[in-house]
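Each remark here refers to the structure printed beneath this line.
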Amino acid sequence: MSALSGWWFEPVGRGRVAWLRTLLYLFIPVDVLLTTSWVVDHADVPSRLYQPLYVARLMPFPVPTAGLVRGLQVAVVVAALVAASGRLPRLLGAVVFALYFQWMLIAMSYGKVDHDRFAFLVALAVLPTVAAARHRDTEPDDGAGWAVRCIQVAVVATYFLAAFAKFRFGGWDWANGATLTRAVLRRGTFLGTPLLSVPWLLHLTQWGIIAFELLSPLLLLRGRVGRGMVALCVVFHVVTYATITIIFLPHVMCLLAFFRLEHLRLPAVLRRRSVQGYAEPLGVA
Amino acid sequence: MLSPLGRRLRGGATAAVVALTLLGTAYGDDDHFPVGPFRMFSTKTSRDGAVKVALVRGVTIDGRDVRLSMASFGLRRAEFEGQLDRIAQDPSLLGVLVEARERARPGSTPLREVRLISARWVLDDGRRVGYVETPVAVWRRP
């Protein structure tokens, strides 16, 4: 138990949390306004098509109206931009988490649930637990370590448990089906569609996906194995996007938690500005 | 450094989320988002089965047959598919969607008929060998 606890609270430089705050909070406007802009389209969908998820039914949350959806969209973006400045990280971080979580309930309550948000939601939940931090703070901290580990484990869980969802819903021989043929028929790009004439390659890729998902805990290893696995994840997401236009962008952003961001050095020009600007908020060591 | 209480609180929260996530994978469903099973592409399509896809076609007020984008109704294709059975049982939902579409996009060409269609590609050993379209629900302007 203490070994597990030691591993989960293994200190990392607080600068990593500062970087993750900047990058993940800045990603929210991109996500809300650009890469998953379909969420706001739910503003115009009749309430009879609203199928609230379990959590949405538990919470005192009204049926989304056009005004509510558009208002929430503005609130999420503004809160994330302010939080990205690094000010009041606990309070603003909690506000961003609450608003973005609500945004996700609106996104997923119309008949389709995606599973590309788990690690991102975990990240938004744990970032506010760390006190204010400078980007270049390399001093090891167990609170920062816990937060970073939570994000890393959530990333691994997204892959690893996806394999078990395939076993549960598709059967142990999921990989011998034609699920990728379905994916390409439904969503194939000019790069993906030619694969339909090579069914054995799609079949083989299904085995590759199961293997990749089951091996995903290797992400948690240090050194070349861990780094190689992060690279493989990026390749997996890029190829998936190129062939069937699906990309788990919020999840991909969370892969940043595996990098030693606290050792990142801004170019001198940016660094001088950041002394007074957003990159060095609140002089807490 | 974290206080002993800070550690215990974090440890407890971690254990709770891990437990809920594992339960979600083992017994939960989409409804339990965000701790439901990670089930995108988890169902198996038989190599000799069929691939289904929903689409919406319509007839404009001046009689033209058109394919309608699902986004123009504010929904993603998978969301239409997720509610296909509901709409099939109660085609008035299609009418409600058309009304909302016209409210949200007053400039769009008015429609006199909208058909929600389930299309199927038939597979033979993983290759497509046929294509069939079946209407699931029809709405006609009263």
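Chain identifiers are assigned alphabetically (A, B, ...) following the order of the sequence lines, protein sequences preceding nucleic acid strands; residue numbering begins at 1 within each chain.
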Can you name the nearest heavy-atom pair linking B:Q83 to A:L49, along with the distance?
-> NE2-O, 2.7 Å
Point-to-point distance, once rounded to the nearest 0.5 Å, from [atom1] of [X] to [atom2] of [Y]:
X      : Y      : atom1 : atom2 : answer
B:M1   : A:D141 : CE    : CG    : 7.5 Å
B:L75  : A:W38  : CG    : CH2   : 10.5 Å
A:R48  : B:L93  : CZ    : CG    : 4.5 Å
A:H115 : B:M40  : NE2   : CE    : 6.0 Å

Using non-hydrogen atoms and a 4.5 Å limit, figure out which bit of [X] sits close to chain B: side chain, backbone, both or neither.
X      : value
A:L185 : both
A:P52  : backbone
A:F160 : neither
A:R186 : both

In [range], which residues are in contact with chain A at a heavy-atom separation under 4.5 Å?
range                       : value
residues 133-142 of chain B : none
residues 4-11 of chain B    : B:R7, B:R10, B:G11
residues 46-60 of chain B   : B:S46, B:R47, B:V51, B:K52, B:V53
residues 98-116 of chain B  : B:A100, B:A104

Using the ring of each side chain (for Trp, its six-membered ring), is B:F33 parallel, tilted or perpendicular to A:F101, with breaks at 30° and 60°?
-> parallel
Between A:D41 and B:R76, is the closest basic N to carboxylate O distance under 4.0 Å?
-> no
Measure from the side-chain N and O atoms of [X] to the backbone N and O of [Y], and report whether any donor-acceptor pair falls under 3.5 Å.
X      : Y      : result
A:D142 : B:L2   : yes
B:R39  : A:K166 : no
B:T45  : A:L180 : no

Positive for side chain to side chain contact (heavy atoms under 4.5 Å, CB included) with B:K44, one of A:W174, A:F169, A:W172 | A:W174
Quick one: what part of [X] sits under 4.5 Å from any heavy atom of chain A, side chain, backbone, both or neither?
X     : answer
B:L97 : both
B:Y27 : backbone
B:F41 : both

Kindly indicate, with the supporting measurements, whether the criterion side chain to side chain donor-acceptor pair (under 3.5 Å) is fulfilled by A:R149 and B:T14.
-> CA-CA 10 Å; A:R149 188 67 86 202; B:T14 310; over 6 Å; no
